[in-house]
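A quick write-up on the structure given underneath.
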Number of protein chains: 2
Amino acid sequence: MTTKKPGNPVRGSDTGRPIMVLMDMLGQRWALRILWELRESRLTFRQLQQRCDQISPTVLNRRLKELRELHLIDHDGNGFGLTDQGEELGQHLLALDDYAKRWANTRK
Amino acid sequence: MTTKKPGNPVRGSDTGRPIMVLMDMLGQRWALRILWELRESRLTFRQLQQRCDQISPTVLNRRLKELRELHLIDHDGNGFGLTDQGEELGQHLLALDDYAKRWANTRK
DNA sequence: CGTATTTGCTACACTAAAAGTAGCAACCAG
DNA sequence: CTGGTTGCTACTTTTAGTGTAGCAAATACG
């Protein structure tokens, strides 16, 4: 398998455009959620599992690996956490949270 | 199946928090891409299919249905397009595109 | 030291989701 | 009527994700 990183082709787009790589990554189940849960603090594998509704370890491990390859998260003695770049992406998720609230309100 | 909308529980979160509903939707394959492709102009079913790397009609149809239920896209004589709310989400995707470019650059 | 717990992770059998191909009914243009 | 386009559905095959069990390594404690 080709390593997943900006510049390489991804599912549904062989241009390697960064946005395509990113959408490819985020379009996989639990990817967004994992980043979301890591915004506030570092978490261990099992803590993450709990927060993500007991996601199966198989997928969690795969997602963590992929997200690490993309340098969006890293791992140290305190568990998993966002890199600087992941943090920045987290800000976008926060903006998305704002949007989502308004979105939900306009359609009650 | 429970209709997918803010306020109702989703995969991995029974709180119905709007961000969870949104992440649940966007975390499905092709959802982000479809919104992305509809940013510029309305497209027919088959045009969308072409732009999304020949996505299978089965999934395209399902995604379109889901996105319509969430009022992010709609359908008229000119095909499928973003609603006002979808447009707003599209702006966030545009911001994400900016981010992605910088992200890719810092790791060449 | 021994042993108990927690760490990240893997194996495996199972189910759900997506892919790929074909084709249909409704609509319109010529 | 014919030929093309529309959105969509019915299949079968392949891929992705689930659920459960458990392992080796590291840490904590007596």
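Throughout, a chain's letter reflects where its sequence line sits, starting with A, and its residues are numbered from 1. Since the structure is predicted, the reported quantities are computational estimates derived from the model, not experimental observations.
For the pair A:Asp76 CG and C:dG8 P, the computed distance is 10 Å after rounding to whole Å. Rounded to an integer number of Å, the gap from B:Leu60 CG to D:dT9 C1' is 13 Å. Atom-to-atom, CG of B:Leu64 to P of D:dT9 comes out at 11 Å; the value is rounded to the nearest Å. Rounded to an integer number of Å, the gap from CZ of B:Phe80 to P of D:dG7 is 5 Å. Atom C1' of nucleotide C:dA18 and atom CH2 of B:Trp30 are separated by 10 Å, given to the nearest angstrom. The CG atom of A:Leu43 sits 17 Å away from the C1' atom of C:dC9 (whole-angstrom rounding). Here D:dG19 presents its C1' atom at 11 Å from CD of A:Gln54, a figure rounded to the nearest Å. Here the P atom of nucleotide D:dG7 and the CD atom of B:Gln47 are 8 Å apart, to the nearest Å.
Looking at the side chain of B:Arg29, the nearest of the listed nucleotides C:dG23, D:dG17, C:dA19 is C:dA19. Residue B:Thr44 places its side chain closer to D:dT6 than to any other of D:dA16, C:dG8, D:dT6.
Comparing B:Phe45 and A:Arg63 by the nucleotide of DNA chain D whose heavy atom lies nearest to each, the residue mapping closer to the 5' end is B:Phe45. Nearer the 5' end of DNA chain D, as judged by each residue's closest nucleotide, is the contact made by B:Gly79, out of B:Gly79 and A:Val59.
Of all non-hydrogen atoms in A:Ala100 and B:Leu22, the two that sit nearest each other are CB-CD2, 4.1 Å.
Listed pair A:Arg68 / C:dG8 fails the phosphate criterion, with no side-chain N or O lying under 4.0 Å from OP1 or OP2. OP1 or OP2 of C:dG8 has not a single side-chain nitrogen or oxygen of A:Asn61 nearer than 4.0 Å.
A donor atom on one side chain and an acceptor atom on the other are not found under 3.5 Å apart for B:Glu37 and B:Gln47.
When atom types are taken as modelled, the side chain of A:Thr83 and the backbone of A:His71 share a donor-acceptor pair closer than 3.5 angstrom. Put simply, the side chain of A:Arg51 never gets that close to the backbone of A:Leu48: no donor and acceptor are under 3.5 Å apart.
Annotation for B:Asp98: atom CG counts as buried by contact number, over 12 foreign heavy atoms lying within 6.0 Å.
Judged by atom type and distance alone, B:Thr58 reaches the base of C:dG20 through a side-chain donor-acceptor pair under 3.5 Å. Checked by distance alone, A:Arg46 brings a side-chain donor or acceptor within 3.5 Å of a matching partner on the base of C:dG8.
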